[in-house]
Amino acid sequence: MKILVVSTNSAAEEKWVRPLAAVMPHAEVALWHADLPPQDADVAVVWSPPAEFFERERKLRVVFNLGAGVDGLLKLPSLPAELPIVRLEDAGMAVQMAEYAVWAVTRASRQFDDYVAQQGAGVWQPLPELRREAWPIGVLGTGVMGTKVAQTLAALDYPVAGWSRSGKVPAGVESFAGTEQLPAFLARTRVLINTLPLTPETRNILRRETLEQLLPQAHIVNMGRGDHLVEEDLLALLGTGRVQGATLDVFRQEPLPAGHPFWTHPAVTITPHVSAITLQHETLAQVVDKIERFFKGQPLTGLIARERGY
């Protein structure tokens, strides 16, 4: 078995190739280089591969993506139509997203940012107590990541609802399914947390038409993809006060360009796409298990359904 690792990470040799070779001694593992001839690999382990890779490696049997989102991979015109794609599931990312969501929600609902400002001004003044019923949370997307986010916030006694195509949610979370129930989901939500995959149906879902259906003094938390959010619409609604705040981890252009209004907007908090980073140990264990299951013909989870886009 020959495995090629394709990554934009300059440390890919040390982070992925050597550890993968160490735990799969029966396989030949190498880092792909554009200046080498085709390697006739069986397996590709990829993160943001160039289109050239699939143009040259035509004997691949399966591709494993070092992340949960595959939108960038699916848009490559050179990606063979019948090539199976397997995405990363959790691998330590779900709990990170839950932590990020708790951080964003409690900063707003517990008024922690206001306390930071008071400290800077030398003010000692307790603020009004939290009423959790005044902070209903809606989680867009209830896959592995969204489910963990919803469960964690529900365990903190916030009223939580989840919206997805299927309407499947964990216990203690209110369920909404499909486009017909999206308006009702939005109408009961003050804090909207996005964990959706990017598909043609979800692109631009965070737009004026959607955000205006939220409860007053709404807050937006985007951990999905930058193309979910129409940035101009959010800025306009922040300007009118219809949306009170936003915590954004993903953007249409990354890194976020210098001079972008989000950098200095007082109601916007930005982070550099770190709400859930790929953890090496957990990822290696999952990728190795999936590769072995694939070649043994065993059932495999995380297999992408291209018609859905995830």
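Given the structure is predicted, the values throughout are model-derived calculations rather than measurements. All values below were derived from every heavy atom in this structure, side-chain atoms included, with hydrogens, water molecules and symmetry-related copies excluded.
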K.L.:
Just jot down the side-chain hydrogen bond (donor to acceptor under 3.5 Å, both in side chains) partners of Asp249, sequence neighbours excluded, or say none.
P.N.:
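Per chain and number, Asp249 pairs via side-chain hydrogen bond (donor to acceptor under 3.5 Å, both in side chains) with Thr271, Ser275.
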
K.L.:
Under 30°, 30 to 60°, or over 60°: which ring-plane class applies to Trp163 and Phe185, parallel, tilted or perpendicular?
P.N.:
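Ring orientation of Trp163 relative to Phe185: tilted.
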
K.L.:
Would you check if there is a donor-acceptor pair between the side chains of Thr278 and Thr283 at a distance under 3.5 Å?
P.N.:
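No.
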
K.L.:
What's the separation between atom CE in Met223 and atom CG in Asn194, rounded to the nearest 0.5 Å?
P.N.:
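Here the rounded value is 8.0 Å.
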
K.L.:
Is there a donor-acceptor pair closer than 3.5 Å between any side-chain N or O of Thr189 and the backbone N or O of Leu192?
P.N.:
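Judged by distance alone, no pair lies under 3.5 Å.
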
K.L.:
Do you know which two heavy atoms are closest between Val105 and Ile193, and how far apart they sit?
P.N.:
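Nearest heavy atoms, Val105 then Ile193: CG2-CD1, 4.0 Å.
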
K.L.:
Picking from Val63, Leu4, Leu76, Val5, what satisfies side chain to side chain contact (heavy atoms under 4.5 Å, CB included) with Pro49?
P.N.:
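It is Leu76, the one option of Val63, Leu4, Leu76, Val5 that forms the side chain to side chain contact (heavy atoms under 4.5 Å, CB included) with Pro49.
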
K.L.:
Any chance NZ of Lys148 has more than 12 other-residue heavy atoms, nucleotides or ligands included, within less than 6.0 Å?
P.N.:
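Not more than 12 within 6.0 Å, no.
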
K.L.:
Does NZ or CZ of Arg308 fall inside the cone over Tyr310's six-membered ring, less than 6.0 Å from its centre and within 45° of the axis?
P.N.:
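Yes, cation above the ring, under 6.0 Å and within 45°.
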
K.L.:
Counting heavy atoms not belonging to Gln119, are there more than 12 under 6.0 Å from its CD?
P.N.:
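At most 12 heavy atoms, drawn from other residues, nucleotides or ligands, come within 6.0 Å of this atom.
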
K.L.:
Checking Gln181 side chain against Ala177 main chain: does a donor-acceptor pair fall under 3.5 Å?
P.N.:
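Indeed, once roles are kept as given, a pair shorter than 3.5 Å links the two residues.
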
K.L.:
With the threshold set at 4.0 Å, does a side-chain nitrogen-carboxylate oxygen contact exist between Asp157 and Arg132?
P.N.:
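Answer for the salt bridge query: no.
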
K.L.:
What pairs with Ser10 under side-chain contact (heavy atoms from CB on, under 4.5 Å), at least two apart in sequence or on another chain?
P.N.:
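Ser10 satisfies side-chain contact (heavy atoms from CB on, under 4.5 Å) with no other residue.
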
K.L.:
State, to 0.1 Å, how close Ala41 and Glu57 come at their nearest heavy-atom pair, and which atoms those are.
P.N.:
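For Ala41 and Glu57, the tightest heavy-atom pair comes out as N-OE1, 3.1 Å.
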
K.L.:
Does one hydrophobic cluster hold both Val160 and Leu130, with members joined at side-chain heavy-atom distances below 4.5 Å?
P.N.:
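Yes, because Val160 and Leu130 connect within a single hydrophobic cluster, where side-chain heavy atoms sit under 4.5 Å apart.
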
K.L.:
How close do Ser78 and Phe54 get, counting heavy atoms only, and between which atoms?
P.N.:
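That closest heavy-atom pairing would be O-CB, 3.3 Å.
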
K.L.:
Donor-acceptor pair, Thr142 side chain versus Thr147 backbone, under 3.5 Å?
P.N.:
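Side chain of Thr142 to backbone of Thr147: no pair is present.
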
K.L.:
Check whether any side-chain heavy atom of Pro50 lies under 4.5 Å from a side-chain heavy atom of Val6, and answer yes or no.
P.N.:
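Pro50 reaches Val6 side chain to side chain.
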
K.L.:
If you look at every heavy atom in Val46 and Ala44, which pair is closest and at what distance?
P.N.:
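Nearest pair, atom of Val46 first, then Ala44: CG1-CB, 3.7 Å.
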
K.L.:
Measure from the side-chain N and O atoms of Arg87 to the backbone N and O of Thr301, and report whether any donor-acceptor pair falls under 3.5 Å.
P.N.:
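Between the backbone of Thr301 and the side chain of Arg87 there is no qualifying donor-acceptor contact (under 3.5 Å).
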
K.L.:
Minimum heavy-atom separation for Gly162 to Val173, with atom names?
P.N.:
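Heavy atoms of Gly162 and Val173 come nearest at N-CG1, 3.5 Å.
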
K.L.:
Counting heavy atoms not belonging to Glu129, are there more than 12 under 6.0 Å from its CD?
P.N.:
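Check fails, neighbour count at 12 or below.
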
K.L.:
What's the spacing between Asn65 CG and Ile304 CD1 if we round to 0.5 Å?
P.N.:
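Going from the CG atom of Asn65 to the CD1 atom of Ile304 covers 7.5 Å.
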
K.L.:
So, Tyr158 side chain and Thr152 main chain: donor-acceptor pair closer than 3.5 Å or not?
P.N.:
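Answer holds: no.
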
K.L.:
Give a yes or no on whether the backbone of Pro37 and the side-chain of Gln39 come within a donor-acceptor separation of less than 3.5 Å.
P.N.:
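Judged by distance alone, yes, a pair lies under 3.5 Å.
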
K.L.:
I need the minimum non-hydrogen distance between Thr195 and Gly146, along with the two atoms involved.
P.N.:
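Scanning both residues, the minimum pair turns out to be OG1-CA, 3.4 Å.
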
K.L.:
May I ask you to decide if Arg225's main-chain N or O and Asn222's side chain share a donor-acceptor pair within less than 3.5 Å?
P.N.:
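Confirmed, Asn222 side chain pairs with Arg225 backbone.
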
K.L.:
Yes or no on side chain to side chain donor-acceptor pair (under 3.5 Å) for Glu231 and His260, after CA distance, side-chain angles and deciding distance?
P.N.:
CA-CA 10 Å; Glu231 295 176 350; His260 193 289; 2.9 Å; yes

K.L.:
With a 4.5 Å cut-off on side-chain heavy atoms, are Tyr100 and Thr247 touching?
P.N.:
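In contact.
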
K.L.:
If a pair satisfies salt bridge (charged side-chain N to carboxylate O under 4.0 Å, His left out) and one of its residues is in residues 195-207, list it, with sequence neighbours excluded.
P.N.:
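Found Arg203-Asp227, Arg207-Glu209.
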
K.L.:
Is Arg306 atom CZ crowded by more than 12 heavy atoms from other residues, nucleotides or ligands, each under 6.0 Å away?
P.N.:
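Count over threshold, so yes.
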
K.L.:
Could you grab the distance from atom CZ of Arg188 to atom CD1 of Ile137, nearest 0.5 Å is fine?
P.N.:
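Rounded to the nearest 0.5 Å, the CZ-CD1 separation comes to 8.5 Å.
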
K.L.:
Grouping I, L, V, M, F, W and Y whenever their side-chain heavy atoms are under 4.5 Å apart, do Val86 and Val45 come out in a common cluster?
P.N.:
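Yes, Val86 and Val45 fall within the same hydrophobic cluster.
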
K.L.:
Just so I know, are the side chains of Ile270 and His265 near enough to count as touching, which here means a heavy-atom distance under 4.5 Å?
P.N.:
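With C-beta onward as the side chain, the pair stays apart.
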
K.L.:
Report yes if the side chains of Met1 and Ile3 come closer than 4.5 Å at any heavy-atom pair, otherwise no.
P.N.:
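A side-chain contact exists here, since the closest heavy-atom pair is under 4.5 Å.
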
K.L.:
Compute both the distance and the angle, then confirm whether Arg107 meets the cation-pi test with Trp103: under 6.0 Å from the six-membered ring centre, within 45 degrees of the axis.
P.N.:
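Pair Arg107/Trp103 counts as cation-pi.
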
K.L.:
Identify whether the distance between the nearest side-chain nitrogen and carboxylate oxygen of Lys59 and Asp42 falls below 4.0 Å.
P.N.:
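Between Asp42 and Lys59 there is no salt bridge, as every charged N stays at least 4.0 Å from the carboxylate O atoms.
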
K.L.:
Hey, does the side chain of Arg190 reach the backbone of Gln217 with a donor-acceptor pair shorter than 3.5 angstrom?
P.N.:
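Such a contact is found between Arg190 side chain and Gln217 backbone.
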
K.L.:
Is there a donor-acceptor pair closer than 3.5 Å between any side-chain N or O of Arg293 and the backbone N or O of Pro299?
P.N.:
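Yes; judged by distance alone, with no hydrogens or angles, the pair exists.
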
K.L.:
Does the side chain of Leu31 come within less than 4.5 Å of Trp16's, by heavy atoms?
P.N.:
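Sidechains of Leu31 and Trp16: no contact.
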
K.L.:
If you count every heavy atom of other residues, nucleotides or ligands that lies below 6.0 Å from Glu307 atom CD, does the total exceed 12?
P.N.:
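Counting other residues, nucleotides and ligands, CD of Glu307 exceeds 12 neighbours.
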
K.L.:
Below 4.0 angstrom, N of the basic side chain to O of the carboxylate: do Arg208 and Glu212 qualify?
P.N.:
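The answer is yes: the pair qualifies as a salt bridge.
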
K.L.:
More than 12 heavy atoms of other residues, nucleotides or ligands under 6.0 Å from CD of Glu133: is that the case?
P.N.:
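Correct, the count exceeds 12.
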
K.L.:
So, does His228 use its side chain to make a donor-acceptor pair with the main chain of Pro197 at under 3.5 Å?
P.N.:
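Yes, His228 side chain to Pro197 backbone: donor-acceptor pair under 3.5 Å.
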
K.L.:
Taking the side chain as C-beta and beyond, is there a heavy-atom pair between Trp135 and Leu215 under 4.5 Å?
P.N.:
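Heavy-atom side-chain distance check fails, nothing below 4.5 Å.
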
K.L.:
Quick one, Leu206 and Leu234 - any side-chain contact, counting heavy atoms below 4.5 Å?
P.N.:
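No, too far: nothing below the 4.5 Å cut-off.
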
K.L.:
Look at the aromatic rings of Trp32 and Phe53 and report parallel, tilted or perpendicular, splitting at 30° and 60°.
P.N.:
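Perpendicular.
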
K.L.:
Evaluate the side-chain proximity of His281 to Pro19: yes if any heavy-atom separation is below 4.5 Å, no if none is.
P.N.:
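SC-SC contact between Pro19 and His281 ruled out.
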
